[in-house]
Amino acid sequence: MLDEIEALRRQALAQIAAVDQLQALEELRVRHLGRRSRLRELMAQLGALPADQRPAAGSAAGGAQKALQEALDQRKTALQEAAEAGATPDLTLPGHRPLSGRLHPLHSLAEELSSIFQRLGFTVVDGPEIEDEYHNFDALNTPADHPARDLHATFYLEGGGLLRTQTSTVQIRVMETTPPPVRIVAPGRCYRRDAVDATHHFAFHQIEGLCVDRQVSLADLKGTLVAMGRQVLDPQTRVRFRPHFFPFTEPSVEYDFSCSLCRGEDRGCRVCKGTGWIEIGGAGMVHPAVFTSVGYDPEQYTGFAFGIGIERIAMIRHGIDDIRLFLDSDLRFTRQF
Ligand code: DAH
């Protein structure tokens with residue numbers, strides 16, 4: 001029995017020294033010192049030994065039990081200390097750079113433009129991207145046979161509805177629920193079935209503006225656009241109106257800003273192509289038919305409305321020559337802002 005006890009002791013001590021997990025150490029304790037361990041079995045048999053062998057076997061068994069218990073305790077303390085050391089941060093290591101989010105350049109520009117209009121007394125409102133034909137077309141005096149309703153320009157949704165092709169929808173939604181006077185801007189995303197190239201995208205962004213009151217004039221429109229241009233692009237911005245057609249305004253214009261890059265002085269300017277002017281959007285005086293469709297009295301109220309291409313301004317400002325970059329999944333572009 002002495003030999004077996006000695007063998008057990010050595011084997012168990014070797015296993016305890018080799019273990020490096022607290023869980024495995026606990027399993028060793030159960031295996032070697034637990035109630036059903038071989039050592040306990042041998043101790044239970046001590047009484048059956050001849051009397052002259054009993055003391056030696058008894059002290060060997062007791063010694064083995066004590067040695068194993070000590071080894072287990074020591075190993076446990078060592079493993080716990082190692083685990084704690086691992087959990088304490090090593091302040092000398094280089095840190096992990098935190099991933100900080102930031103606003104998309106179109107988003108921050110929309111916010112900047114919105115706050116310019118807020119200072120001019122406009123309220124910022126929102127409208128749905130999924131629209132119906134009534135708000136996208138009919139109420140905007142765009143009859144069913146108008147080319148803008150052509151399938152090629154509009155994404156129609158299965159089961160009815162469409163993706164708005166312009167933020168002008170929000171003019172209608174606001175006037176439907178608010179009596180005049182109103183002064184709102186509505187930034188947001190629009191969609192058109194356009195072939196994608198460097199200056200066209202199927203998803204793009206506009207800010208819609210609408211001001212309705214008694215005696216609002218085209219001069220108020222121009223003053224508002226000048227104030228916007230001077231704050232967002234160039235303090236010397238001038239605004240030019242070119243006659244145009246929109247179903248929901250009369251008269252209608254396209255408006256240009258004087259070139260903020262060359263101020264009309266560079267025949268080879270890549271932003272204005274040497275013309276001195278850059279096209280920004282469409283605008284006009286709200287058509288009486290639009291007022292009638294929302295229940296405003298066109299005899300009492302007049303209003304101006306405008307649309308701004310947000311990409312357009314961002315491209316001018318940052319010298320970006322390809323609109324596709326804004327929605328590209330390659331983040332190297334957006335990370336520059
Ligand atoms: N909705 C027009 C477009 O997407 C832009 C526009 C023109 C908006 C005239 C207006 C406006 O509010 O009065 O081309």
Side-chain angles (χ1 to χ4, degrees), residues 106 110 113-114 117 120 122-129 131 133-143 146-150 152-155 162-176 182-194 199-213 216-225 228 239-257 278-291 293-294 296 298 301-313 323:
L106 293 178
L113 287 163
S114 296
F117 287 112
L120 293 172
F122 289 77
T123 302
V124 180
V125 298
D126 201 11
E129 291 179 14
E131 267 293 3
E133 297 200 32
Y134 178 76
H135 289 91
N136 201 80
F137 294 125
D138 299 270
L140 287 161
N141 197 31
T142 311
H146 192 279
R149 295 181 72 149
D150 194 305
H152 293 282
T154 307
F155 287 108
L162 49 80
L163 296 180
R164 69 176 174 193
T165 60
Q166 52 189 355
T167 46
S168 304
T169 53
V170 189
Q171 291 186 31
I172 303 302
R173 292 200 171 269
V174 167
M175 288 191 283
E176 276 173 345
V182 297
R183 210 184 285 181
I184 58 99
V185 288
R189 187 174 278 190
C190 307
Y191 302 85
R192 283 186 205 174
R193 282 182 53 167
D194 278 338
T199 53
H200 297 86
H201 205 285
F202 57 82
F204 56 97
H205 299 77
Q206 295 184 333
I207 294 188
E208 192 75 13
L210 173 70
C211 169
V212 181
D213 206 337
V216 172
S217 78
L218 205 63
D220 297 317
L221 168 64
K222 198 165 205 180
T224 302
L225 296 175
M228 186 256 292
V239 172
R240 169 173 93 166
F241 284 167
R242 285 177 287 107
H244 200 74
F245 172 81
F246 294 105
F248 38 90
T249 41
E250 182 60 36
S252 301
V253 300
E254 278 192 326
Y255 63 95
D256 301 338
F257 282 175
I278 37 193
E279 184 185 327
I280 303 292
M285 299 305 292
V286 180
H287 197 291
V290 173
F291 282 150
S293 71
V294 296
Y296 281 17
Y301 292 98
T302 53
F304 66 76
F306 56 87
I308 305 168
I310 301 183
E311 279 84 352
R312 193 95 192 94
I313 293 187
I323 197 172

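Note that these values count all heavy atoms, side chains included, but never hydrogens, waters or copies made by symmetry. Atoms within a ligand are numbered from 1 in the order they appear, just like the ligands themselves. What you see is a predicted model; the values in this text were computed from it and never measured.
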Give every pair formed by an N or O atom of ligand 1 and a protein N or O atom closer than 3.5 Å, one pair per line with both atom names and the distance to 0.1 Å, or write none.
unit_1: ligand 1; atom_1: 1 (N); unit_2: Gln166; atom_2: OE1; d: 2.8
unit_1: ligand 1; atom_1: 1 (N); unit_2: Ser168; atom_2: OG; d: 2.9
unit_1: ligand 1; atom_1: 4 (O); unit_2: Arg192; atom_2: NH2; d: 2.9
unit_1: ligand 1; atom_1: 4 (O); unit_2: Gln206; atom_2: NE2; d: 2.9
unit_1: ligand 1; atom_1: 12 (O); unit_2: Gln171; atom_2: NE2; d: 3.0
unit_1: ligand 1; atom_1: 12 (O); unit_2: Glu208; atom_2: OE2; d: 2.6
unit_1: ligand 1; atom_1: 12 (O); unit_2: Phe306; atom_2: N; d: 3.2
unit_1: ligand 1; atom_1: 12 (O); unit_2: Phe306; atom_2: O; d: 3.3
unit_1: ligand 1; atom_1: 13 (O); unit_2: Ala305; atom_2: O; d: 3.2

Return the set of residues passing side chain to side chain contact (heavy atoms under 4.5 Å, CB included) with Thr199 (not counting sequence neighbours), or none when no residue passes.
Asp197

Heavy-atom side-chain contact between Phe304 and Leu225 under 4.5 Å
no

Could you check if a side-chain atom of Phe291 sits within less than 4.5 angstrom of a side-chain atom of Asn141, using non-hydrogen atoms only?
no

Sorted by chain and residue number, the side-chain hydrogen bond (donor to acceptor under 3.5 Å, both in side chains) partners of His135 (sequence neighbours excluded) come out as Asp132, Arg173, Glu176

Report the residues that fulfil salt bridge (charged side-chain N to carboxylate O under 4.0 Å, His left out) with Asp213, sequence neighbours left out, ordered by chain and then residue number.
none

Decide side-chain contact (heavy atoms from CB on, under 4.5 Å) for Gln166 and Asn136; before the verdict, give the C-alpha distance in whole Å, the side-chain angles of both, and the deciding distance to 0.1 Å.
CA-CA 7 Å; Gln166 52 189 355; Asn136 201 80; 4.2 Å; yes

